[in-house]
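Note sheet for the following structure.
Every number for a ligand or one of its atoms is a count from 1 in the order of the listing. Below, all heavy atoms of this structure are taken into account, side chains as well, without hydrogens, waters or symmetry copies.
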Amino acid sequence: MFGLEKIASKIEIPPEGVGADLAIPCFREDPEATAEKIRALKNPLFREVVVKGRYVNVSFDCAVLAPLVLAEVAAKKDAYGWNDSGGGKKVMIEYSAPNIAKPMHMGHARNNAIGHALVNLYRANGYEVITTNHYGDWGMSLAKIMLAYGKWGNRAEFDKDPVRHLLGLYVRMTKESADNPALEDEARALFRKLEGGDRGLHATWQEFRDVSVANFERMYGLLGISFDVKNGESFYTEFIPRAIEEALAKGAAHYGEAAEGGEGKPVAVNLDAWKLPSFLLQKSDGASLYGARDIAVVKWRLEHYDVEKIVYVVGHEQELYLKQIFKTMGLMGYPEEKLAHVSYGMVTQGGKKISTRTGNIVFLEDGFEDAIARAKGIKEVGIGAIIYNMLSMGREHDIAFSWDAAMSVQGNSAPYIQYAYVRAKAILEKADAPAPLPAPYTHPVLEREAALLKLVAHFPGVVWQAHALEAPHLIATFLNAFAQEFNRFYASVPVLEDGEGRDLRLALVAASAQVIKNGLWLLGIAVPERM
Ligand code: ARG
């Protein structure tokens, strides 16, 4: 026998053909006994509780549901669907993390979209979120671009469009250094000089960083995102030696063999016991490596913020690397279970992998401009189209960005969903606010009204689930189905016609607009006033 909590945890929403609103699978329990327990609740919302095979099916009474749900939407407004299951717990979410001196491209749109949606989902589920960026503003790749600028840079072109000019230099450097390994050595020497505090190099570095950040900020402005912590990798450099010392002291890392003829010893982390590749924190010449920085980063974050969890929104190609970092933190005595990787698949465009190295990219800036033009100048629609396209598939999948899909008016796109919103708003403008419904509602609820009403009622559950699974696409999929149902309702029911059902219909339209607005907000998409 199982109690009510156990029943609650098994509730499913059955497929449409079943003709019920909830279903409770009873494969190990007696369905009749379960049905009796549910009937004994005497919940006025449950019109019918019946056993069908191994399932208990529950149907709602719309006369009870309608006044209840529609009053809640009207009262909660922009907070309809939210819950406080997070209990105010603090989480830190790292996302975006673009590299300095390289442009943001359409691939970054996916990271930004997933990161922003997660931030909103955590907040909507009652968490306090601290957002952090993590600019790639240090290291060899940047040194190579600085070297290229010194060799082939052109001030006038840099001033005209710095990020584009630097990309050209990076592509050229990648090509030339493939045939000429001496360039690698030169870049290494430059980086050492920069690390040593060379003033001229530091000024160039600062300038590259400033122009890049200004460009990123423009993109963030269009996306409506901002970060509480804006440190880049360079910020953490000074904490690396202490982090390496600590890793050694705690036995998480150890000295390796000195290279033949060399003096210094490398510092390594051995992860064989966890079936993970071992890796170096420090080379024998004393230079620290990328992983050492990330360890210093985790330490800094945990020391400065009392957070329950740190979420890393990073592409799936860095999954193994982050596992190594998280495990190392565990070996150092830090709460490894607080570190989580939210990964996602690659974005292709025009059938090709986006690659900064070869220059095969579409600048995010150009993508946004193009999108807004395609949306006839309506910013929310253009930007929203890109964001939705990046979120509509489960994040683990690779996706092919397509303008046709992103801008589609047929469905599964931001414009399609936004259009339903604009339609709903247009109806509401033509009518006075509906009177509150009597409870229970006495007029019959039509089939299309009931279907839409149940989706409105279902929205808070989707918000909960999308957070629990860190799956923004569940919101996207729900909104698409919602807009579809709204359009069916709109086509089959004369909303503004006088008569007894008018208040219900108007309240449903108002609730629909609210659900679409709240759902799109979760995805980081704004609603337009007109289309
Ligand atoms: N900047 C890196 C990149 O573009 C991502 C940084 C991921 N975050 C981290 N803490 N390592 O690939």
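Between Phe235 and Trp138, the ring centre distance reaches or exceeds 6.0 Å. For an aromatic pair to be called close, the ring centres must be under 6.0 Å apart, and Tyr321 with His341 fails this. Separation of the Phe208 and Tyr149 ring centroids falls under the 6.0 Å cut-off. Residues His467 and Tyr127 bring their aromatic ring centres within 6.0 Å.
If you check which protein heavy atom lies closest to atom 4 (O) of ligand 1, you get Asn99 ND2, 3.3 Å.
At a 4.0 Å heavy-atom cut-off, ligand 1 does not touch Tyr236 at all. With a 4.0 Å cut-off on non-hydrogen atoms, Asp294 touches ligand 1 through its side chain and not its backbone.
Taking the ring centre of Tyr305 as origin, the terminal cationic atom of Lys90 falls outside the region bounded by 6.0 Å and 45° from the ring axis.
The shortest N or O to N or O distance between Gln318 and ligand 1 is below 3.5 Å. Taking any N or O of Glu94, backbone or side chain, at least one lies under 3.5 Å from an N or O belonging to ligand 1.
Looking only at atom types and distance, the side chain of Arg293 has a donor-acceptor partner in the side chain of Thr237 under 3.5 Å away. Side-chain contact annotation: Ser212 with Tyr135, donor-acceptor N/O pair under 3.5 Å absent.
Per-residue contacts place Val314 under 4.0 angstrom from the following atoms of ligand 1 (heavy atoms of the residue considered): 7 (C). Close contacts between ligand 1 and Tyr312 involve ligand atoms 10 (N) [criterion: under 4.0 Å to a heavy atom]. The contact set between ligand 1 and His134, taken as ligand atoms under 4.0 Å from a residue heavy atom, comprises 8 (N), 9 (C), 10 (N).
With a 6.0 Å radius and a threshold of 12 heavy atoms from other residues, nucleotides or ligands, Trp403 has its CH2 atom above the threshold.
For Val297, the closest heavy-atom approach to ligand 1 does not fall below 4.0 Å. The shell of residues lying under 4.0 angstrom from ligand 1, judged by heavy atoms, includes Tyr290.
Of the listed options Gly315, Ser96, Ala97, Gly139, Ala97 places a heavy atom closest to atom 5 (C) of ligand 1.
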